[in-house]
2 protein chains.
Amino acid sequence: MARTTPAPSAVPDSAGAFPVTVDVVALTVRDGVLQALVVDRLLEPYRGRAALPGGFVLPGETLEQAAGRELEEETRLTVPAGATGTGPWHLEQLRTYGPLGRDPRGPVLSVAYLLLAPAFGLPAAGGDAAEARWVPVGELRGRSGGARGASLAFDHDGILADGVERARAKIEYSPLAAAFCPPEFTVAELRGVYEAVWGTQLDARNFHRKATGTPGFLEPTGRLGGGGPGRPAELFRLAPGVDPSAAVLHPPLLRPVSPGPAAPSA
Amino acid sequence: MARTTPAPSAVPDSAGAFPVTVDVVALTVRDGVLQALVVDRLLEPYRGRAALPGGFVLPGETLEQAAGRELEEETRLTVPAGATGTGPWHLEQLRTYGPLGRDPRGPVLSVAYLLLAPAFGLPAAGGDAAEARWVPVGELRGRSGGARGASLAFDHDGILADGVERARAKIEYSPLAAAFCPPEFTVAELRGVYEAVWGTQLDARNFHRKATGTPGFLEPTGRLGGGGPGRPAELFRLAPGVDPSAAVLHPPLLRPVSPGPAAPSA
DNA sequence: ACAAAAGTGTTTTGTCTACACCCATGC
DNA sequence: GCATGGGTGTAGACAAAACACTTTTGT
């Protein structure tokens, strides 16, 4: 244990220093389906393989800044600094993976972030990524063991699964489903978000009552929206002065109970 | 920054390397009160100040191994490897803090872990810590701005608050409250855990019905326990084959709704 | 006998679900 | 008029809070 501590208060030499990456699970709802943002890697390792957008944290930046910078570099979309509560996006930390056994280059720590965003186009790709695209999560999950090359690089399959599960749980008791919607939206749009994220069908009438009846969730704008068939729907926005990441819905909007692991035997 | 990596697939030089620490929010219930484990620091910075047990991650170890090692070094208590599901303890990752503005020595990343454990003594202290002791969280929280030196070193006040909130939320829908109990326990002991963690009073009769009536939670041992006054209580253990960190209670045990910010005006 | 704590039954109250029904618009 | 989707009312199923009551021990 070689100790060389010239300064009275310094990081001890025995401590390791680790490269740190951020990886972003960016989710949106497009065409009524939950989709994740993936990029094709231009560099080794896993060159040509799909991966979550992300990259190394640079000296002098925070983890959130690194997440926003990587997203912008690889997908040309800008996440406002301190996205939590700003605008329609929501960025929160998911968890940390590593440092062992997840990168062939050696021990690397990865701090994963979860971004919930309304649907938007991808003007271009850049940085270390060849292409950025939305992929329905149903096309990525469940085939991790498949040989078709559809699984993601590194341990990103597991990170994506963790992010999806976090999103599913979080919209139950927080107003964060609105992060998938534009600033003003109808109750039907919001219901579509819940149905896409949970993969279930919800009763439109009961959902309307619960969503509009939950205090601190929706505020009517008075305007009407939608040009489709049927009666025009009222436009809502998130209740003002509410931090969507901190507020709690009372009562929560619980997902319908899945039938459970009933054995599909004879 | 001496880099000797001629291999084609290497971490780019622009990537920073960060010292990484683990800090452990260890919670238990003693004397009917939720208590946290703190140590007194022997080294700078914050020498003499109370802090969460923790320290630097060493090369070649996982984050969980580092958390267990630091706990053992500073408090002489051993957390079995892969504590999740093993024995009565529960160790899970809380979140990651940093790297900027939290350590006077420079940018340091800290991965915080949450340990839920039954009450036990502290035979000794060691490592970089002068003394390890349990402190009721009520004596630590709320006085972060106080001048009495009761607040913790670094950003540990915030980490502790996050850990307490995680524990409070988690025992609602998971069997993890049993992690605070010995392997066999009575319903009253379990209720005491809920009351201590939530800081509320619960109806003993309704709690008994809900706890014993929740499938996949408690299993009766047939034995009786307790030597105090009154009728002896039945001893229970966690239902076998249940991973306390993954299982979900249906229905959940919800904390009583707090009255909310109702103005106590006339 | 009394107190204290464990455990069960019952009533009341609220919430969720399912679905009947009306409203407002496009065609 | 009729189809389509938006929004409200209502009855039964279900769960939770409140509390009376019995059981079993220590003193």
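Quick note on labels: first sequence line is chain A, next is B, and so on, each numbered from 1.
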Visitor: Can you list, by residue number, the residues of residues 185-200 of chain B that have a non-hydrogen atom closer than 4.0 angstrom to DNA chain C?
Guide: B:Ala188, B:Arg191
Visitor: Excluding sequence neighbours, so at least two apart, what forms side-chain hydrogen bond (donor to acceptor under 3.5 Å, both in side chains) with A:Tyr97?
Guide: A:Asp162
Visitor: Expressed in angstrom and rounded to an integer, what is the separation of B:Glu172 atom CD from D:dA16 atom P?
Guide: 13 Å
Visitor: Going by the side chain to side chain donor-acceptor pair (under 3.5 Å) test, which pairs reach into residues 229-241 of chain A, not counting sequence neighbours?
Guide: A:Glu219-A:Arg237
Visitor: For A:Phe207, give me all partners under ring pair (Phe, Tyr, Trp, His ring centres under 6.0 Å), at least two apart in sequence or on another chain.
Guide: A:Tyr194
Visitor: Could you tell me the boundaries of the chain A footprint on DNA chain C, defined by atoms under 4.0 Å from its heavy atoms?
Guide: C:dC16 to C:dT25
Visitor: State which residues pass side-chain contact (heavy atoms from CB on, under 4.5 Å) with B:Pro252; sequence neighbours excluded, sorted by chain then number.
Guide: B:Tyr173, B:Leu254
Visitor: Can you check the A:His208 NE2 to D:dG9 P distance for me, whole Å?
Guide: 12 Å
Visitor: If every non-hydrogen atom of B:Leu202 is compared with every non-hydrogen atom of B:Glu195, which pair is closest and at what distance?
Guide: N-OE2, 2.9 Å
Visitor: Shortest non-hydrogen contact from A:Ala50 to A:Asp40?
Guide: CA-OD1, 3.8 Å
Visitor: Show which side-chain atoms of residues 23-31 of chain A pair as donor or acceptor with protein atoms under 3.5 Å away, not counting sequence neighbours.
Guide:
{"residue": "A:Asp23", "atom": "OD2", "partner": "A:Ser110", "partner atom": "OG", "Å": "2.6"}
{"residue": "A:Asp23", "atom": "OD2", "partner": "A:His156", "partner atom": "NE2", "Å": "3.4"}
{"residue": "A:Thr28", "atom": "OG1", "partner": "A:Ala117", "partner atom": "O", "Å": "2.7"}
{"residue": "A:Thr28", "atom": "OG1", "partner": "A:Pro118", "partner atom": "O", "Å": "3.3"}
{"residue": "A:Thr28", "atom": "OG1", "partner": "A:Ala119", "partner atom": "N", "Å": "3.0"}
{"residue": "A:Arg30", "atom": "NH1", "partner": "A:Phe120", "partner atom": "O", "Å": "3.2"}

Visitor: Once side-chain hydrogen bond (donor to acceptor under 3.5 Å, both in side chains) is applied, do any residues pair with A:Arg168, and if so which ones, sequence neighbours excluded?
Guide: none
Visitor: When you check every protein heavy atom under 4.0 Å of nucleotides 19-27 of chain D, what one-letter string (B, S, -) results, 5' to 3'?
Guide: BB--BBBS-
Visitor: Can you measure A:Glu234 atom CD to D:dT8 atom P for me and round it to whole angstrom units?
Guide: 8 Å
Visitor: Tell me, which of residues 213-223 of chain A have any heavy atom that sits under 4.0 Å from an atom in DNA chain C?
Guide: none
Visitor: Would you please test B:Leu91 and B:Leu71 for side chain to side chain contact (heavy atoms under 4.5 Å, CB included) and show each step?
Guide: CA-CA 12 Å; B:Leu91 182 69; B:Leu71 258 180; 5.5 Å; no
Visitor: Could you tell me which residues satisfy salt bridge (charged side-chain N to carboxylate O under 4.0 Å, His left out) with A:Glu189, sequence neighbours excluded, listed by chain and number?
Guide: none
Visitor: Who pairs with B:Lys170 by side-chain hydrogen bond (donor to acceptor under 3.5 Å, both in side chains), at least two apart in sequence or on another chain?
Guide: B:Glu92
Visitor: For A:Leu238 and A:Ala178, work out which heavy atoms get closest and say how close.
Guide: CG-CB, 3.7 Å
Visitor: Is the phosphate of D:dA15 approached by B:Lys210 (side-chain N or O, under 4.0 Å from OP1 or OP2)?
Guide: no
Visitor: Please name the pair of heavy atoms, one in B:Leu94 and one in B:Arg166, separated by the smallest distance, quoted to 0.1 Å.
Guide: O-NH2, 2.8 Å
